[in-house]
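A quick write-up on the structure given underneath.
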Protein chains: 2
Amino acid sequence: MRADARRNVEGIRRAALDVFRTGGLTTPLDEVARAAGVSKGTIYHRFGSRTGLIDAVVEELVAARIGDIIEAVDALDGPLLRFEEYLLRTWLLQYDEPAANDVLMRVPPDSEPLTTLFERACQFGRRLLHEAQTAGVVRADLTPDDLTYLILERGVIVRACDQQTRDDYHRRLDFVLRGLRAARG
Amino acid sequence: MRADARRNVEGIRRAALDVFRTGGLTTPLDEVARAAGVSKGTIYHRFGSRTGLIDAVVEELVAARIGDIIEAVDALDGPLLRFEEYLLRTWLLQYDEPAANDVLMRVPPDSEPLTTLFERACQFGRRLLHEAQTAGVVRADLTPDDLTYLILERGVIVRACDQQTRDDYHRRLDFVLRGLRAARG
DNA sequence: CAGCAACTTGACGCCGCGGCCAAGATAGTG
DNA sequence: CACTATCTTGGCCGCGGCGTCAAGTTGCTG
């Protein structure tokens with residue numbers, strides 16, 4: 001690979017990080033190209049497809065954020081707190097980072113890094129759900145699929161209702177959490 | 001207006017009722033045209049725009065359904081039951097009738113009949129919310145705007161997650177309703 | 001039955017985006 | 001310096017839907 005090509009690859013990666021950060025993983029590749037100072041064709045030449053480009057940046061862009069949540073939530077006390085805090089932080093991440101939202105919603109075509117990332121978040125959530133249900137603090141009729149849906153739903157909402165303020169969004173999340181608690185809790 | 005034109009107008013209206021019923025108010029007009037056995041141009045000639053066509057059918061298509069809900073719910077006993085049943089039925093209507101969903105989400109450009117219809121549903125909901133809050137059975141921090149949002153959100157979800165079964169959808173609505181009740185309820 | 005006004009048609013331009021590729025530019029080597 | 005393999009460019013096509021209009025057709029009237 002020639003030196004200029006290597007430079008371009010790096011430039012495109014940086015540009016993608018930047019553009020995807022604010023616009024999500026579905027931003028037109030022309031914008032990435034413009035930000036990188038190359039043409040659209042070069043991106044396709046270097047990364048094969050949008051998916052290829054995403055795979056090249058998703059780790060740095062999203063994995064860390066999800067890892068942070070898992071780590072922080074895992075350190076909390078009490079199954080209800082952990083469960084609710086996990087959902088809350090994930091939902092807020094979906095609001096704050098369109099790219100993370102895209103991963104959680106499985107918007108881009110599946111690929112190995114994306115699946116890995118998604119599964120990691122998913123598994124963790126299921127563990128928390130199970131613990132919380134065992135402790136009797138969360139509705140027993142909530143299924144792992146429901147959990148996935150709760151996150152998917154929120155993603156859809158974030159995408160569609162982009163005019164709502166973060167504060168309003170946050171306040172309304174509390175309504176949803178309440179609905180998931182066990183009746184006696 | 002010539003006889004064939006009058007026939008066509010009626011045919012287009014019928015076709016629109018049919019097509020919009022299953023596909024919502026954003027179905028491509030070519031489909032309506034095909035169903036009516038005319039060309040797209042004729043629709044534009046006769047109704048001016050998609051909005052014009054919608055106005056011509058929305059009454060028959062949606063108003064009745066919303067009216068039914070208001071009537072049925074109004075006859076129920078107890079402010080909590082009325083409030084919850086109103087939301088539940090509206091949410092199910094959104095699932096069952098894409099066209100009604102479009103109206104409730106204000107998808108098509110505003111027009112007088114659409115606004116009227118929307119406001120009617122909205123006012124009724126606000127009344128029920130107020131009654132329920134006065135009775136102390138629904139969270140006091142729920143605002144009328146939240147109510148609008150709860151319906152808008154559901155609309156977005158219905159549109160995006162069209163693979164979920166009605167039963168699952170219905171079951172999950174219960175989670176949401178629980179979250180809206182007053183803490184002691 | 002002629003002739004015109006009313007009516008209908010369907011192809012066309014437009015838009016934004018995705019993906020591709022022939023032609024031109026350039027880095028690095030002998 | 002010249003040459004070639006590598007690389008980049010940007011224009012082109014496809015897609016799906018909207019809205020329009022010149023040209024062709026048809027109902028109605030005298």
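So that the names make sense, note that chain A is the first sequence line, chain B the second, and so on, each numbered from 1.
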Within-4.5 Å side-chain heavy-atom neighbours: B/Leu147 and B/Leu87 | yes

In numerical order, the residues of residues 98-111 of chain A whose heavy atoms come under 4.0 Å of DNA chain C are none

Residue pairs meeting side-chain hydrogen bond (donor to acceptor under 3.5 Å, both in side chains), one or both in residues 87-99 of chain B, sequence neighbours left out, come to B/Arg65-B/Glu97, B/Glu85-B/Arg89, B/Gln94-B/Asn101, B/Asp96-B/Arg166

Side-chain heavy-atom pair A/Arg154, A/Leu104 within 4.5 angstrom cut-off | no

Who are the side chain to side chain donor-acceptor pair (under 3.5 Å) partners of B/Arg50, not counting sequence neighbours?
-> none

Distance-only donor-acceptor hits, side chain of residues 113-125 of chain B, under 3.5 Å, sequence neighbours excluded:
residue  : atom : partner  : partner atom : Å
B/Thr115 : OG1  : B/Arg106 : NH2          : 3.4
B/Thr115 : OG1  : B/Ser111 : O            : 2.9
B/Thr116 : OG1  : B/Glu112 : O            : 2.9
B/Thr116 : OG1  : B/Glu112 : OE2          : 3.1
B/Glu119 : OE1  : B/Gln123 : NE2          : 3.2

Set of side chain to side chain donor-acceptor pair (under 3.5 Å) partners for B/Asp68, sequence neighbours left out | none

Integer-rounded Å distance: D/dT8 C1' and A/Met1 CE | 13 Å

Please tabulate the protein-to-nucleotide N/O contacts below 3.5 Å involving nucleotides 20-27 of chain C, giving atom names and distances.
residue : atom : partner : partner atom : Å
C/dT26  : O2   : A/Arg2  : NH1          : 3.0
C/dT26  : O2   : A/Arg2  : NH2          : 3.4
C/dA27  : O4'  : A/Arg2  : NE           : 3.4
C/dA27  : O4'  : A/Arg2  : NH2          : 3.4

Rounded to whole Å, the CZ-C1' distance (A/Phe47 to C/dG19) equals 16 Å

Just wondering, do B/Tyr169 and B/Leu92 contact through their side chains at under 4.5 Å, heavy atoms?
-> yes

Could you give the angle between the helix axes at the two ends of the helix from C/dC1-D/dG30 to C/dG30-D/dC1, with five pairs per end, rounded to 10 degrees?
-> 40°

Can you give me every donor-acceptor pair (side chain of residues 3-10 of chain A, partner residue at least two apart or in another chain, under 3.5 Å) with its distance?
residue : atom : partner : partner atom : Å
A/Asp4  : OD1  : A/Arg2  : NE           : 3.2
A/Asp4  : OD2  : A/Arg2  : NH2          : 2.9
A/Arg6  : NH2  : A/Met1  : O            : 2.8

Which pairs would a plain distance check flag for residues 27-44 of chain A, meaning a side-chain donor or acceptor within less than 3.5 Å of a matching protein atom at least two apart in sequence or in another chain?
residue : atom : partner : partner atom : Å
A/Thr27 : OG1  : A/Gly23 : O            : 3.2
A/Thr27 : OG1  : A/Gly24 : O            : 2.7
A/Ser39 : OG   : A/Gly41 : N            : 3.2

With B/Asp141 via side chain to side chain donor-acceptor pair (under 3.5 Å) - residues at least two apart = B/Arg139

salt_bridge(A/Glu84, A/Arg178) N-O dist < 4.0 Å | no

May I ask whether A/Leu128 and A/Ile70 are part of the same hydrophobic cluster, defined by side-chain heavy atoms of I, L, V, M, F, W, Y residues being less than 4.5 angstrom apart, directly or through others?
-> yes

Take the protein atom CZ of A/Arg6 and the nucleotide atom P of D/dA5, then report the distance between them rounded to whole Å.
-> 19 Å

Here the salt bridge (Lys or Arg N to Asp or Glu O under 4.0 Å) pairs for residues 142-152 of chain A, sequence neighbours left out, are A/Asp146-B/Arg171, A/Asp146-B/Arg172

Members of residues 9-37 of chain B that approach DNA chain D, where some heavy atom sits under 4.0 Å away | B/Pro28, B/Leu29, B/Asp30

State whether B/Arg50 places a side-chain N or O below 4.0 Å from either non-bridging phosphate oxygen (OP1 or OP2) of D/dG17.
-> no

Whichever of B/Val38 and A/Ser49 has its nearest DNA chain C nucleotide further upstream toward 5' | B/Val38

